[in-house]
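Chain A is the first sequence line, chain B the second, and so forth, proteins listed ahead of strands; every chain is numbered from 1. Every value quoted in this text rests on a predicted model; they were computed, and no experiment measured them.
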Protein chains: 2
Amino acid sequence: MNNQKLYKGSLQTIILNLLDEKGRLYGYEITKLVKEQTQGELQITEGALYPTLHKLEGEGVLQVEMELVNNRQRKYYSLTKKGRLEKVKRLEDLARFLQTMEGLIAPKVKA
Amino acid sequence: MNNQKLYKGSLQTIILNLLDEKGRLYGYEITKLVKEQTQGELQITEGALYPTLHKLEGEGVLQVEMELVNNRQRKYYSLTKKGRLEKVKRLEDLARFLQTMEGLIAPKVKA
DNA sequence: ATATATACATAAGAAAGTTGGGTATATTTT
DNA sequence: AAAATATACCCAACTTTCTTATGTATATAT
């Protein structure tokens, strides 16, 4: 969790992928899920998450449903049609990025 | 080369690793090498590169030797002792990051 | 003669985070 | 009962890192 710099740029991809897997999630839930799934390695801060969700919603990539649970307001996000297309593109980009980085930092391992 | 956002945060690591491999390189050479080694996937812009080299030099991670070749000034960069230590740390961080991202985006592949 | 390649550099702005607040309710601990 | 923690949302100031657009200068290719 000390290499947060590297995660810069991948937050949107992570969100799109998670929402595609889970169907719908609310913000707070996303932070907990990611922390759990990465064994604490990645801590998404709320200061980063909420603005990103609003941005993706504004772009028509995400849609929102409000729900009152336990007298607390939740905003459930899910992918729109556009969001599902965008998610495919992002995952392709990420896969290529990961491949490239592995090729760059460990060419000896490959050979 | 349309997923540049993802590379945000990894430029310093790439530079440190390349310099460790090659011994010494000058700036322009780094852009050409990376482009070549990534089959054009990653284009390091000079606007990003030069300030980064200066920053790393300022931190004592890199050292410079000036050389006049073909009547053109080159600035050869190489790792300092501190730089070699820093490089190890950065590569560890990067490896963990890559692992985490693979785990996040392809849990089905792993299982 | 002109365009491209080599080789350095900076500065304005955009993008995407961190940090540090704030509000409100529910649950757990002291 | 009071205090602390967890749940659930939000925003604003600031920082880091990169893009885009320049600028300078020499060498080589068209």
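For Glu29(B), the side chain to side chain contact (heavy atoms under 4.5 Å, CB included) partners two or more places apart in sequence, or in a different chain, are Leu25(B), Tyr26(B), Tyr76(B). Scored by the side-chain hydrogen bond (donor to acceptor under 3.5 Å, both in side chains) test, Lys8(A) finds no partners at all (sequence neighbours excluded). Applying the salt bridge (Lys or Arg N to Asp or Glu O under 4.0 Å) test to Arg24(B) and every residue at least two apart in sequence or in another chain returns Glu65(B), Glu67(B). With sequence neighbours excluded, no residue forms a salt bridge (Lys or Arg N to Asp or Glu O under 4.0 Å) with Glu46(A). In terms of the salt bridge (Lys or Arg N to Asp or Glu O under 4.0 Å) criterion, Lys22(A) has no residue partners (sequence neighbours excluded). Residues that satisfy the side chain to side chain contact (heavy atoms under 4.5 Å, CB included) test with Gln63(B), not counting sequence neighbours, are Ser78(B), Thr80(B). Applying the ring pair (Phe, Tyr, Trp, His ring centres under 6.0 Å) criterion to Phe97(B), with sequence neighbours excluded, gives Tyr7(A). Under the side chain to side chain contact (heavy atoms under 4.5 Å, CB included) criterion, Gln99(B) pairs with no residue, sequence neighbours left out.
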N/O to N/O distances under 3.5 Å, protein versus nucleotides 14-17 of chain D:
residue: dT17(D); atom: OP1; partner: Lys5(A); partner atom: NZ; Å: 3.0
residue: dT17(D); atom: OP2; partner: Lys55(B); partner atom: NZ; Å: 2.8

Which nucleotides of nucleotides 1-11 of chain D have their base under 4.0 Å from a protein heavy atom (B), which only their sugar-phosphate (S), and which neither (-), written as one string 5' to 3'? -----SBBBBB

Derivation of the side-chain contact (heavy atoms from CB on, under 4.5 Å) call for Thr38(B) and Gln43(B): CA-CA 9 Å; Thr38(B) 64; Gln43(B) 288 276 82; over 6 Å; no

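The residues Lys55(B) and Glu59(B) are annotated as salt-bridged, a charged nitrogen and a carboxylate oxygen being separated by less than 4.0 angstrom. Salt-bridge annotation for Arg90(A) and Glu86(A): present, with a side-chain N of the basic residue lying under 4.0 Å from a carboxylate O of the acidic one.
Under the 4.5 Å side-chain contact rule for hydrophobic residues, Leu33(A) and Val64(A) share a cluster.
A 4.0 Å heavy-atom criterion places the boundary nucleotides of DNA chain C facing chain A at dA16(C) to dA26(C), written 5' to 3'.
Contact annotation: Asn71(B) reaches the phosphate of dA27(D) (side-chain N/O to OP1 or OP2, under 4.0 Å).
Counting only Watson-Crick and G-U wobble pairs whose two distances sit under 3.5 Å, DNA chain D takes part in these stems of three or more pairs: C:1-30 with D:1-30.
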